[in-house]
Novice: 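One structure coming up, written as structure tokens, with questions to follow.
Along the sequence shown, the residues carry numbers beginning at 1. No hydrogens, no waters, no symmetry mates; every other heavy atom, side chains included, goes into these values.
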Amino acid sequence: MIKLSGFSQCYPMSAVNDTKFKSAVFLLTGILGQEELHFWISIPFCLMYVISIVGNSLILFIIKTDPSLHEPMYIFLSMLALTDLGLSIATIPTILGIFWFNSMLISLNACFAQLFFIHTLSFIESSVLLLMAFDRFVAIRDPLRYASILTLPRISKMGLVCVLRGVALIFPLPFLLNRFRYCRANVLSHSYCLHQEVMKMACSDITINSIYGLFIIVSTVGLDSLLILLSYVMILKTVLSIASHVERVRALNTCVSHVCAVLLFYTPMIGLSVLHRFGKSSPPLLQILLGYVYLLVPPLMNPIVYSVKSKHLRARIIRVFIK
């Protein structure tokens, strides 16, 4: 018999080792070795969830209701906030369910649906960060034509392309995973489902999934991060050509929030992807912690960073609370 820590049901070894057995469930895990502290660990996770939901919702509300914020930069920020809301809703309830109720079971279909939304929203966020880099480039490089280049119809089309790209790339994944036989214990190392981990649970040849997953990472995160880097090279080139030191500092200061958002998003995401593919000898706890940082920290920190750095947005938030 196999008994999982923190999980009362046992599975016979014959079922686990049967290559014709297709499991109906996966088992999610919290923080290994800290099961007795799960309730206390859940408190900061719950606070992060509340702050993420309230912070991003507040930004959306303020941008929607204040006509003075209906500018390209804030429209892109509202896209980012909406994506972060989706990521929080798709992940944290599952995490809290494990910490509070020891609810580790997740069906195949629910797991596939969750990984679809997590990966789709992640790649949409990557696209939005690229659009925000383009926004900063246009604002600094050609400020007089800024409003005429980034018109509302054009921004809407850009946003639609971001959504369609994310959905189109991730849509095949649940079907590719559903064709496999899952004959192992199916214990995932995270509190949510990710494609790169679920495919390792299969007893079939996962070459296609592995190649397609790598293709998606390179064509989205890899391409977007490269274009963002190129945008900032062009921004720096433009800023250095400005004669006034004060104007140079002011121009760079408008990019600080976006640079923070880019680092918060790409650093843990790329690190987690590398660990899943090449870090077989890495400590399991490192993967778990990096997984939490990847999905929970950007939705938490983005509203805070933009609220602190944007004088106009900060003033509107203060006005809301004063009223």
Novice: Between Y292 and F45, does the ring centre distance come in under 6.0 Å?
Specialist: yes
Novice: Testing Y232, F76, F134 for ring pair (Phe, Tyr, Trp, His ring centres under 6.0 Å) with H258, which one passes?
Specialist: Y232
Novice: Do V246 and V256 belong to the same hydrophobic cluster, where Ile, Leu, Val, Met, Phe, Trp and Tyr are linked whenever their side-chain heavy atoms lie under 4.5 Å apart, directly or via other members?
Specialist: no
Novice: T29 versus L188: any side-chain heavy-atom pair under 4.5 Å?
Specialist: no
Novice: Count the heavy atoms belonging to other residues, nucleotides or ligands that lie under 6.0 Å from CG of L286, then report whether that count exceeds 12.
Specialist: yes
Novice: Judged by atom type as modelled, is there a donor-acceptor pair below 3.5 Å linking the side chain of R154 to the main-chain atoms of I149?
Specialist: yes
Novice: Do the side chains of S52 and D84 get nearer than 4.5 Å, heavy atoms only?
Specialist: no
Novice: So, taking the atom named CZ in F180 and the one named CG in N178, what distance separates them when rounded to the nearest 0.5 Å?
Specialist: 10.0 Å
Novice: Mind listing the closest non-hydrogen atom pair of R316 and L69 along with its distance?
Specialist: CG-CD1, 4.0 Å
Novice: Should V161 and M132 be counted in the same cluster of Ile, Leu, Val, Met, Phe, Trp and Tyr side chains packed under 4.5 Å apart?
Specialist: no
Novice: Do the rings of F175 and F171 sit parallel, tilted or perpendicular, given the 30° and 60° boundaries?
Specialist: tilted
Novice: On a heavy-atom basis, which atom in A261 and which in N302 lie closest, and how many Å separate them?
Specialist: CB-OD1, 3.5 Å
Novice: Less than 4.5 Å apart, any side-chain heavy atom of Y74 and any of D66?
Specialist: no
Novice: Are any non-hydrogen side-chain atoms of C111 and V198 less than 4.5 angstrom apart?
Specialist: yes
Novice: So do the side chains of L194 and Y192 get within less than 4.5 Å of each other, counting heavy atoms only?
Specialist: yes
Novice: Grab the two heavy atoms, one from D224 and one from S126, that are nearest each other, plus how far apart they are.
Specialist: OD2-OG, 2.7 Å
Novice: Would you sort out whether L115 and L177 count as a side-chain contact (heavy atoms from CB on, under 4.5 Å), showing the intermediate values?
Specialist: CA-CA 11 Å; L115 69 86; L177 290 170; 3.5 Å; yes
Novice: May I have the step-by-step check of side-chain hydrogen bond (donor to acceptor under 3.5 Å, both in side chains) for R165 and S127, ending in yes or no?
Specialist: CA-CA 9 Å; R165 184 181 78 153; S127 302; 2.6 Å; yes
Novice: With a 4.5 Å heavy-atom cut-off, do H119 and Q196 have their side chains touching?
Specialist: yes
Novice: Walk me through it: do Q114 and I118 pass the test side-chain contact (heavy atoms from CB on, under 4.5 Å)?
Specialist: CA-CA 6 Å; Q114 185 182 48; I118 288 176; 3.7 Å; yes
Novice: Minimum heavy-atom separation for A251 and V239, please, with both atom names.
Specialist: CB-CG2, 4.1 Å
Novice: Quick check for you: to the nearest 0.5 Å, what is the distance between S307 atom OG and I304 atom CD1?
Specialist: 8.0 Å
Novice: side-chain contact (heavy atoms from CB on, under 4.5 Å) between F265 and V297: does it pass, once the steps are laid out?
Specialist: CA-CA 8 Å; F265 178 76; V297 172; over 6 Å; no
Novice: Verify side-chain hydrogen bond (donor to acceptor under 3.5 Å, both in side chains) between T207 and D205, making sure each step is shown before the conclusion.
Specialist: CA-CA 6 Å; T207 303; D205 183 10; 2.6 Å; yes
Novice: Heavy-atom count around F61 CZ within 6.0 Å, excluding the residue itself: above 12?
Specialist: no
Novice: Please check: side-chain N/O of T151 versus main-chain N/O of S148, any donor-acceptor pairing under 3.5 Å?
Specialist: no
Novice: Checking side-chain hydrogen bond (donor to acceptor under 3.5 Å, both in side chains) for the pair N253/R248: CA distance, chi angles, key distance, verdict?
Specialist: CA-CA 9 Å; N253 194 48; R248 286 202 298 266; over 6 Å; no
Novice: Tell me whether the rings of H38 and F99 are parallel (<30°), tilted (30 to 60°) or perpendicular (>60°).
Specialist: tilted
Novice: For atom CZ of F117, decide whether the heavy atoms of other residues, nucleotides or ligands shown that lie under 6.0 angstrom number more than 12.
Specialist: no
Novice: Are L77 and V54 grouped together when hydrophobic residues (ILVMFWY) are joined by side-chain heavy atoms under 4.5 angstrom apart?
Specialist: no
Novice: Would you check if the distance from the ring center of H190 to the ring center of Y294 is below 6.0 Å?
Specialist: no
Novice: Kindly determine whether D135 and Y146 satisfy side-chain hydrogen bond (donor to acceptor under 3.5 Å, both in side chains), including the steps that lead there.
Specialist: CA-CA 8 Å; D135 166 78; Y146 177 66; 2.4 Å; yes
Novice: Look at E197 together with K200 and state whether they make a salt bridge at an N to O cut-off of under 4.0 Å.
Specialist: no
Novice: Does the side chain of F116 come within less than 4.5 Å of L173's, by heavy atoms?
Specialist: no
Novice: I would like to know whether V262 and T267 meet side-chain contact (heavy atoms from CB on, under 4.5 Å); could you show each step before the answer?
Specialist: CA-CA 8 Å; V262 167; T267 304; over 6 Å; no
Novice: Just to verify, which of L121, I92, T91, L290 counts as forming a side chain to side chain contact (heavy atoms under 4.5 Å, CB included) with L295?
Specialist: T91
Novice: May I ask you to test the L131-C162 pair for a side-chain heavy-atom distance under 4.5 Å?
Specialist: yes
Novice: Rounded to the nearest 0.5 Å, what's the gap from CG on L58 to CD1 on I53? Could you check?
Specialist: 12.5 Å
Novice: Same cluster for L85 and V50 if Ile/Leu/Val/Met/Phe/Trp/Tyr side chains link at under 4.5 Å?
Specialist: no
Novice: Hey, is the main chain of T238 close enough, under 3.5 Å, to the side chain of S241 for a donor-acceptor pair?
Specialist: yes
Novice: Do the side chain of R179 and the main chain of L176 share a donor and acceptor less than 3.5 angstrom apart?
Specialist: yes
Novice: Tell me if the centroids of the rings in F26 and Y182 come within less than 6.0 Å of each other.
Specialist: yes
Novice: Between atom CZ of R145 and atom CG of L150, what is the distance when rounded to the nearest 0.5 Å?
Specialist: 10.5 Å
Novice: Check this for me: H312, atom NE2, are more than 12 non-hydrogen atoms of other residues, nucleotides or ligands nearer than 6.0 Å?
Specialist: no
Novice: Could you give the distance from OG (S231) to CG (L236), rounded to the nearest 0.5 Å?
Specialist: 11.0 Å
Novice: Which heavy-atom pair separates I206 from A202 by the least distance, and what is that distance?
Specialist: CG2-CB, 4.0 Å
Novice: Using side chain to side chain contact (heavy atoms under 4.5 Å, CB included) as the criterion, point out the one residue from V167, V163, V221 that pairs with F123.
Specialist: V221
Novice: Please check if L223 and M158 belong to a single hydrophobic cluster, counting links between Ile, Leu, Val, Met, Phe, Trp and Tyr side chain heavy atoms closer than 4.5 Å.
Specialist: yes
Novice: Specify the closest pair of heavy atoms between L28 and S191, including all atoms of both residues, with the distance to one decimal.
Specialist: CD1-O, 3.6 Å
Novice: Say you draw a straight line from CZ of R314 to NZ of K309; how long is it, rounded to the nearest 0.5 Å?
Specialist: 8.5 Å
Novice: Do H195 and Y212 have a side chain donor and acceptor closer than 3.5 Å?
Specialist: no
